[in-house]
Number of protein chains: 2
Amino acid sequence: MSKDDARTRLLNAAGPIFAEKGYRAATVREICETAEVNLASVNYYFGDKETLYVETLQRSHPPAVIKHLPETWPEGTQPAEKLKDYISAMMTELLGVETAPWRVPLMMRELQSPTPAGSALLRKFFGENFSILLRILAEILPEDTPSYKRQQIGLSIIGQCVHYRVAGKIIPLMVSEEEFSEHYKPEQLAEHIAQVMLAALGLGPPLARGDRPSAEVGAAARETHA
Amino acid sequence: MSKDDARTRLLNAAGPIFAEKGYRAATVREICETAEVNLASVNYYFGDKETLYVETLQRSHPPAVIKHLPETWPEGTQPAEKLKDYISAMMTELLGVETAPWRVPLMMRELQSPTPAGSALLRKFFGENFSILLRILAEILPEDTPSYKRQQIGLSIIGQCVHYRVAGKIIPLMVSEEEFSEHYKPEQLAEHIAQVMLAALGLGPPLARGDRPSAEVGAAARETHA
DNA sequence: TTGTCAATCAAACATTTGTTTCATATACTA
DNA sequence: TAGTATATGAAACAAATGTTTGATTGACAA
């Protein structure tokens with residue numbers, strides 16, 4: 001192992017460590033030890049710790065949702081199908097065990113404590129994914145839907161997906177262990193989110209026996225409660 | 001100002017600083033300067049920096065969603081109304097300018113990098129809010145809805161709300177400045193999320209011209225939208 | 001008044017940590 | 001072979017930072 005040159009080994013070691021501990025708490029000593037290089041190597045190859053961080057960040061960018069999506073969908077694919085694919089791809093990206101499981105955590109850290117160098121990357125990282133979603137939604141929503149509304153529906157979808165990563169550590173603490181291991185796999189969650197949003201968009205059955213599918217009146221919920 | 005005793009001033013100063021910079025990057029020197037106390041005070045009153053952090057965390061816990069909700073709803077209040085209230089309360093809690101705007105950011109940091117002391121608080125903090133939501137959902141969903149399904153619907157709601165806090169810093173970068181200032185106020189976002197979820201639950205009109213509103217046909221949402 | 005005790009203060013201390021230095025080794029070239 | 005550039009190594013350096021120390025103050029009680 002560690003057949004790569006020192007510079008590459010440093011980048012490989014830095015990714016997981018920055019992701020787990022954050023920029024500040026990650027020490028160049030630990031990174032160098034992990035990479036099995038001399039302490040001076042960070043400054044030799046990158047000048048300083050911050051530059052190493054920036055390059056680590058840049059290397060972590062490329063693959064995103066697109067990676068898990070088909071180049072183009074077959075002619076005539078229903079928008080609902082595309083949406084399902086998108087949500088599934090997003091969940092795979094966020095929760096899947098990929099080749100570099102530290103990329104997403106690193107971006108999440110940037111989201112919380114943006115560094116000057118990170119902001120541009122963040123915008124690109126999320127912007128690309130988001131614009132794909134917006135295009136799918138454009139096929140579903142009426143043409144006269146204002147763009148802010150379309151964006152907010154998009155954010156509703158992203159939000160549900162991202163939450164399983166953001167709150168991932170405490171969800172197992174709040175649901176039973178059995179439920180968690182049985183029903184919280186990425187594909188199942190993607191299925192659930194798709195179900196919610198397709199119902200919201202009117203492309204699938206509502207989750208509850210709705211008594212008032214229209215805005216006006218209708219007999220309301222009755223004899224229901226825990 | 002700073003009429004409180006040194007110990008209290010330390011806690012007041014520590015909250016915002018820990019919230020903004022995180023445990024590691026926050027220095028006792030900065031905290032002491034802000035609190036206008038001597039450098040040795042942290043160790044004098046709390047023993048060490050970590051204990052100060054833990055006490056800050058504990059102090060930041062109490063108020064949550066409940067704070068913005070009525071004690072009990074009037075008899076006969078529709079579950080849909082309760083859900084709207086809940087979502088509105090959550091958005092106020094997450095985005096509103098409250099008395100201690102650093103509480104939520106601090107909890108978000110714990111969520112990402114849990115400390116031993118923080119995990120218990122986190123569970124309480126989110127657990128209390130979540131159980132209220134689950135009770136409301138129980139009134140809406142069919143009785144035979146499995147509990148994991150109810151939880152996931154709850155997480156869909158929480159996720160949408162929390163996302164505006166998590167991604168709050170980059171959303172303005174991805175939508176036009178005008179759209180953001182016009183349509184992304186907490187109350188408007190709460191309204192949007194409620195609209196999405198009520199539609200998903202069948203308690204409101206779908207967001208788009210649905211072509212297949214129910215699994216087995218049935219007269220469904222019509223000429224309704226926006 | 002005098003003694004006691006908690007609080008405050010400036011200074012020093014010890015550790016961590018990013019960075020630099022300079023010597024040595026290694027590989028490639030003239 | 002000799003020379004040079006590149007890479008690696010151990011050590012030291014300097015700054016930041018959590019913690020400790022010992023003196024001083026000030027209030028209050030005997």
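Predicted, not measured: the structure shown is a model, and the values here were computed from it. Reminder, nothing fancy here: chain letters follow the sequence lines and each chain counts from 1.
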Taking [X] first and then [Y], would you say they form a salt bridge - that is, a charged N and a carboxylate O separated by under 4.0 Å?
| X | Y | value |
| --- | --- | --- |
| A:Lys84 | A:Glu191 | no |
| A:Arg9 | A:Glu36 | no |
| A:Glu93 | A:Arg165 | no |

Problem set entry | Euclidean distance, atom CG of residue A:Asn43 to atom C1' of D:dT6 [Å, nearest integer] | 17 Å
Problem set entry | Between D:dG18 (P) and B:Ile31 (CD1): distance, integer Å | 8 Å
Do [X] and [Y] get their side chains close enough for a donor-acceptor pair, meaning under 3.5 Å?
| X | Y | value |
| --- | --- | --- |
| A:Arg109 | B:Ser113 | yes |
| B:Lys149 | A:Gln195 | yes |
| B:Asp48 | B:Thr51 | yes |

Flag if over 12 foreign heavy atoms under 6.0 Å of [atom1], [X]:
| X | atom1 | value |
| --- | --- | --- |
| A:Lys185 | NZ | yes |
| B:Glu50 | CD | no |
| A:Glu139 | CD | yes |

Exercise. Which of residues 44-54 of chain A sit near DNA chain C, with a heavy atom under 4.0 Å from it?
Worked result: A:Asp48, A:Lys49
Seminar exercise, completed: Contacts of B:Ser147 meeting side-chain hydrogen bond (donor to acceptor under 3.5 Å, both in side chains) (sequence neighbours excluded), chain-then-number -> A:Glu179
Exercise. Which residues satisfy the side-chain hydrogen bond (donor to acceptor under 3.5 Å, both in side chains) test with B:Glu110, sequence neighbours excluded?
Worked result: B:Tyr53, B:Thr115
N/O contacts under 3.5 Å, protein versus nucleotides 9-15 of chain D?
unit_1: D:dG9; atom_1: N7; unit_2: A:Asn38; atom_2: OD1; d: 3.4

Exercise. Are A:Phe126 and A:Phe130 close enough that their ring centres sit under 6.0 Å apart?
Worked result: no
Exercise. First contact, last contact: which nucleotides of DNA chain C are these for chain B, 5' to 3', heavy-atom distance under 4.0 Å?
Worked result: C:dA6 to C:dT17
Exercise. So what does A:Ala26 hit on the nucleic acid, given a heavy-atom distance under 4.0 Å: a base, only sugar-phosphate, or nothing?
Worked result: sugar-phosphate
For this session: Could you pick out which residue, B:Arg24 or B:Ala6, lies toward the 5' side of DNA chain C when each is mapped onto its nearest nucleotide?
Result: B:Ala6
Exercise. Got a second to check how far B:Leu133's CG is from B:Arg150's CZ, nearest 0.5 Å?
Worked result: 9.5 Å
Exercise. Residues from residues 13-23 of chain A sitting under 4.0 Å of DNA chain D, heavy atoms only?
Worked result: none
